[in-house]
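Note on naming: letters A, B, ... go to the chains in the order of the sequence lines (proteins, then strands), and numbering restarts at 1 for each one. Side chains are part of it too, since the values below use all heavy atoms of this structure and drop only hydrogens, waters and symmetry mates.
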2 protein chains.
Amino acid sequence: MTSDRRMQILDAAASLISERGFTSTSVDDVIKGAKLSGKSHFYHYFKSKEELGYEVLNRQFERFAERGLAILREPMIDPLERLGLFIDAVVALQAESGGRRGSPFGNLAAELADAHEGFRIRIEAVFERWASQIRSLLWEARPQLYDDVDAVRLSRFIIATLEGAVLMTRLKRDISVLEGIAVDLKRFIGTHVRDGIAAHHARDVE
Amino acid sequence: MTSDRRMQILDAAASLISERGFTSTSVDDVIKGAKLSGKSHFYHYFKSKEELGYEVLNRQFERFAERGLAILREPMIDPLERLGLFIDAVVALQAESGGRRGSPFGNLAAELADAHEGFRIRIEAVFERWASQIRSLLWEARPQLYDDVDAVRLSRFIIATLEGAVLMTRLKRDISVLEGIAVDLKRFIGTHVRDGIAAHHARDVE
DNA sequence: TGCCACTAGGACCGTACGGTCCTAGAATGC
DNA sequence: GCATTCTAGGACCGTACGGTCCTAGTGGCA
């Protein structure tokens with residue numbers, strides 16, 4: 001049953017949850033947002049609020065995979081350039097909501113990591129898939145990188161910085177926070193590249 | 001009335017909130033944690049749960065200022081070295097709770113940034129004070145840094161990365177995530193330093 | 001012994017939540 | 001026209017929350 005109604009519910013829920021958090025989003029809110037007839041209508045499609053949350057998380061990740069992570073796998077573009085484009089895409093995605101939404105994963109992680117093991121595991125899996133995409137890219141780019149580049153550590157650094165930046169952006173309601181951090185992040189990645197650009201030169205290269 | 005009881009309540013609340021979040025921590029939980037006799041006892045010290053939350057936030061910041069930010073102002077130590085020590089202190093603070101607690105500010109920010117304007121403003125102020133401490137330090141270190149180092153941007157980058165790293169650490173329940181990111185962060189800061197160490201050399205210098 | 005001040009402790013209230021179940025009425029088949 | 005199926009919509013339930021208020025018991029004092 002991947003009906004329209006189901007999608008409608010998931011969209012409404014995703015929007016509400018990313019704005020107000022999972023706990024603060026009630027089933028009634030979702031019903032109102034998706035214009036359902038009543039509670040029984042909702043529970044026809046989802047067996048519990050928890051299950052709804054899991055599916056919203058899945059859907060958010062799929063969307064992120066399509067619109068963000070896909071860039072990391074573009075075969076016709078140089079891997080490191082792809083990484084830069086991906087970071088730009090994260091900024092653009094964030095700019096869409098005026099920086100008010102935050103990362104759907106980071107928000108849930110902060111809200112539920114300790115309160116709800118089911119979510120914690122699923123969110124961890126999301127970040128792991130994200131990290132593995134970056135690791136593959138770094139592996140692909142390995143001829144251009146210094147030999148001692150630790151792909152696991154660098155991929156974690158990139159993700160943590162982006163998540164932290166999105167959080168700060170949401171808090172300050174100012175997308176330029178993320179933009180600035182994205183620039184620095186790209187520069188940091190540049191310092192791992194073997195073309196011999198020293199750090200203080202890299203700084204000038206956008 | 002900065003009584004012991006009050007402190008006891010604040011400690012218990014801080015512990016609960018940093019573990020389970022503000023919304024998921026009930027007043028009854030706090031009462032149980034602080035071993036109060038009943039609700040009226042609690043409401044004798046705090047006029048509402050919201051007010052309790054504000055004071056917990058204040059207290060957490062004061063503790064962080066004493067145990068963390070204080071390092072940034074140590075007058076006898078070279079500023080950049082201080083920055084490294086500060087990052088170490090953040091790691092150590094996080095290790096104390098086994099990486100399970102997360103940042104008291106980042107957690108609240110993610111949980112309440114959009115849901116509760118009062119908290120948002122206060123949390124933003126906390127980060128602003130933190131950022132200003134780093135900016136002062138960078139200003140102090142300015143003779144050692146390249147001329148084009150943007151203190152505002154770099155301070156934001158440092159904070160965002162640390163917050164993101166703490167979030168990831170909590171999610172994965174693995175302190176080594178933060179440790180690795182801290183190493184990279186120090187290296188990134190190193191690339192702003194004028195001593196001519198190129199990035200790929202800096203990598204070897206712990 | 002009788003009185004008072006104080007507070008521990010809990011009963012209670014209104015609201016909101018997740019979730020279940022029932023009914024009124026429209027659509028369908030004969 | 002009548003019976004049957006289906007579902008929109010809401011009434012309802014138990015629980016948990018934030019917050020208020022009252023009672024019963026204790027200790028101090030004359």
Side-chain angles (χ1 to χ4, degrees), chain A residues 1-58 107-108 111-112 114-120 122, chain B residues 1-58 107-108 111-112 114-120 122:
Chain A
M1 288 271 176
T2 329
S3 68
D4 287 349
R5 263 291 159 66
R6 224 183 133 79
M7 285 300 169
Q8 208 175 330
I9 299 174
L10 285 170
D11 284 340
S15 173
L16 288 166
I17 290 172
S18 68
E19 275 168 24
R20 329 212 283 231
F22 181 74
T23 312
S24 299
T25 300
S26 73
V27 174
D28 286 332
D29 291 336
V30 174
I31 288 167
K32 208 179 294 175
K35 292 183 173 114
L36 298 180
S37 65
K39 277 221 174 83
S40 52
H41 200 174
F42 171 85
Y43 282 100
H44 174 67
Y45 292 101
F46 298 91
K47 72 179 244 277
S48 69
K49 189 193 177 191
E50 192 183 35
E51 174 127 348
L52 170 72
Y54 292 161
E55 297 211 25
V56 166
L57 183 60
N58 278 340
N107 286 353
L108 285 181
E111 185 186 350
L112 300 170
D114 283 317
H116 199 300
E117 186 68 5
F119 273 105
R120 208 210 97 227
R122 284 168 173 81
Chain B
M1 284 284 170
T2 330
S3 69
D4 287 350
R5 263 290 158 68
R6 225 182 131 78
M7 285 300 168
Q8 209 175 328
I9 298 174
L10 284 170
D11 284 341
S15 173
L16 289 166
I17 290 171
S18 67
E19 276 167 24
R20 328 213 283 229
F22 180 74
T23 312
S24 300
T25 300
S26 73
V27 174
D28 286 332
D29 290 337
V30 174
I31 288 166
K32 208 180 293 176
K35 291 183 173 118
L36 299 179
S37 64
K39 278 222 175 79
S40 53
H41 200 175
F42 171 85
Y43 282 99
H44 173 67
Y45 292 101
F46 299 92
K47 73 179 241 278
S48 68
K49 189 194 176 190
E50 192 183 34
E51 174 125 347
L52 170 72
Y54 292 161
E55 297 212 25
V56 165
L57 182 60
N58 277 341
N107 285 352
L108 285 180
E111 185 185 350
L112 301 169
D114 283 316
H116 198 301
E117 186 69 5
F119 272 105
R120 208 211 97 225
R122 284 169 173 80

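Of the candidate nucleotides C/dG19, C/dG9, D/dA8, D/dA8 has the atom nearest to the side chain of A/His41. Here the side chain of B/Lys39 is nearest to one of C/dG18, D/dT20, D/dG9, namely D/dT20. The side chain of A/Ser48 approaches C/dG19 more closely than any other nucleotide in the set C/dA8, D/dC21, C/dG19.
Atom CZ of A/Phe42 is separated from atom C1' of C/dG18 by 10 Å (rounded to the nearest Å). In this structure, B/Asp29 places its CG atom 14 Å from P of D/dG19, rounding to the nearest Å. When rounded to the nearest whole Å, the span between CG of A/Asp28 and C1' of D/dG9 equals 13 Å. Rounded to an integer number of Å, the gap from B/Leu52 CG to D/dG19 P is 10 Å. Regarding B/Tyr45, its OH atom lies at a distance of 17 Å from the P atom of D/dT20, rounded to whole Å. Going from atom NE2 of A/His44 over to atom C1' of C/dG19 covers 16 Å, rounded to whole Å. Note: CG (A/Leu36) to P (D/dT7) measures 14 Å, nearest angstrom. The interatomic distance linking A/Leu16 (CG) with C/dC17 (C1') rounds to 15 Å, in whole Å.
Nucleic acid contact for A/Thr25: sugar-phosphate only, since backbone atoms but no base atoms lie under 4.0 Å from a heavy atom of the residue.
Within 3.5 Å, no donor on the side chain of B/Ser26 pairs with an acceptor on the base of D/dG18, nor the reverse. With hydrogens and angles ignored, no donor-acceptor pair under 3.5 angstrom links the side chain of A/Lys49 to the base of C/dG18.
Heavy-atom distances to DNA chain C give each of B/Ser37 and A/Ser40 a nearest nucleotide, and the one nearer the 5′ end belongs to B/Ser37.
Geometrically, A/Lys49 does not engage A/Phe42 in a cation-pi contact defined by less than 6.0 Å to the ring centre and at most 45° from the axis.
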Starting from the C-alpha separation in whole Å, work towards a yes-or-no answer on side chain to side chain contact (heavy atoms under 4.5 Å, CB included) for B/Phe46 and B/Leu10.
CA-CA 10 Å; B/Phe46 299 92; B/Leu10 284 170; 3.9 Å; yes
Verdict with reasoning, B/Leu108 to B/Arg122, per side chain to side chain contact (heavy atoms under 4.5 Å, CB included)
CA-CA 10 Å; B/Leu108 285 180; B/Arg122 284 169 173 80; over 6 Å; no
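Put simply, the side chain of A/His41 reaches to within 4.5 Å of the side chain of A/Arg5, judged on heavy atoms. With a 4.5 Å cut-off on side-chain heavy atoms, A/Asp28 and A/Lys39 count as touching.
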